[in-house]
Amino acid sequence: VQLVESGGGVVQTGDSLRLSCAGSGSTFDGLAVGWVRQTPGKEREFVATIDWNGITTYYADSVKGRFTISRANAKNPVYLQMSSLKPEDTAVYYCGAGRVGSPKSSQYNYWGQGTQVTVSS
């Protein structure tokens with residue numbers, strides 16, 4: 001399974017942005033997907049996760065109410081809709097796929113290359 005993130009960019013505080021995570025291979029449809037983010041010198045931070053059928057979602061407290069994770073009816077791609085963005089949301093965002101959704105990065109077997117999100121104040 002290969003994952004490709006897209007949709008990152010430079011926005012201003014309060015703006016919205018939608019990230020996409022496209023997976024190759026039929027097995028992607030049966031995998032949970034999670035989004036994490038990372039800034040230089042820090043560990044990866046969990047953002048959100050969604051199960052394989054798009055029903056169960058879970059968010060970090062820092063993004064709850066502002067970010068929405070979803071997946072298309074065909075299970076691919078997985079989106080991360082980000083609203084009311086703040087400078088502290090600036091990071092490289094990665095999507096990962098695994099058997100179960102989890103806030104733990106170790107539960108994901110496949111990772112994309114990341115997409116940069118920069119929020120200016």
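For the pair Arg44 and Tyr94, the distance from NZ or CZ to the six-membered ring centre is under 6.0 Å and the angle to the ring normal is within 45 degrees.
A search for side chain to side chain donor-acceptor pair (under 3.5 Å) contacts involving Lys104 returns nothing, not counting sequence neighbours. Taking the side chain to side chain donor-acceptor pair (under 3.5 Å) definition, one finds that Arg99 meets it with nothing, sequence neighbours left out. Residues meeting the salt bridge (charged side-chain N to carboxylate O under 4.0 Å, His left out) test with Arg18, sequence neighbours left out: none.
Across all their heavy atoms, Arg37 and Ala91 have their closest contact at CB-CB, 3.7 Å. When all heavy atoms are compared, the tightest approach of Glu45 to Ser62 is OE2-OG, 3.4 Å. Minimum interatomic distance between Ser16 and Ser84 (heavy atoms only, all atoms of both residues): OG-N, 4.3 Å. In this structure, Thr27 and Leu31 approach most closely via the heavy-atom pair O-CG, 3.3 Å. Shortest non-hydrogen contact noted between Arg66 and Leu85 is NH1-CA, 3.9 Å.
Of the inter-residue distances, the one linking Gln116 atom CD with Thr39 atom OG1 reads 9.5 Å to the nearest 0.5 angstrom. Atoms CG and CE, from Leu17 and Met82 in turn, are 4.5 Å apart once rounded to the nearest 0.5 Å. The distance from the OG1 atom of Thr56 to the CD1 atom of Ile50 is 8.5 Å, given to the nearest 0.5 Å. Separating the OH atom in Tyr110 from the CD atom in Gln2 is a distance of 11.0 Å, to the nearest 0.5 Å. Note that CG of Leu3 is 10.5 Å distant from CG of Asn109, once rounded to the nearest 0.5 Å. Atoms OH and OG, from Tyr79 and Ser6 in turn, are 9.0 Å apart once rounded to the nearest 0.5 Å.
No donor-acceptor pair closer than 3.5 Å links the side chain of Asn76 to the backbone N or O of Ala22. A donor-acceptor pair under 3.5 Å is formed between the side chain of Thr90 and the backbone N or O of Val119. Proximity of a side-chain donor or acceptor of Glu5 to a complementary backbone N or O of Gly114 within less than 3.5 Å is detected. For the pair Thr13 (side chain) and Ser120 (backbone), a donor-acceptor distance under 3.5 Å is present. Within the 3.5 Å criterion, the main-chain N or O of Ala32 finds no donor-acceptor partner in the side chain of Asp51.
For Trp111, the CH2 atom is densely surrounded, since the number of other residues' heavy atoms within 6.0 Å is greater than 12. Around the CD atom of Gln12, the shell of radius 6.0 Å holds no more than 12 heavy atoms that belong to other residues, nucleotides or ligands.
In summary, the side chains of Thr49 and Tyr59 do not present any donor paired with an acceptor at a separation below 3.5 Å, with no hydrogens or angles considered.
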*Show the numbers, then the answer: is there a side-chain contact (heavy atoms from CB on, under 4.5 Å) between Tyr93 and Val36?*
CA-CA 6 Å; Tyr93 284 71; Val36 302; over 6 Å; no
*Tell me, with the steps shown, if Tyr108 and Val33 meet side-chain contact (heavy atoms from CB on, under 4.5 Å).*
CA-CA 8 Å; Tyr108 299 102; Val33 173; 5.9 Å; no
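Side-chain contact between Trp35 and Leu19 is present, with heavy atoms from C-beta onward closer than 4.5 Å. Between Asp89 and Phe67, some side-chain heavy-atom pair lies under the 4.5 Å cut-off.
Taking hydrophobic clusters as Ile, Leu, Val, Met, Phe, Trp and Tyr residues chained together by side-chain heavy-atom distances below 4.5 Å, Val92 does not share a cluster with Val78. There is no path of hydrophobic side-chain contacts, each under 4.5 Å, that joins Leu80 to Val4.
One finds a salt bridge joining Lys64 and Asp61 here, because a Lys/Arg side-chain nitrogen approaches an Asp/Glu carboxylate oxygen to under 4.0 Å.
For Phe46 and Tyr58, the distance between ring centers is under 6.0 angstrom.
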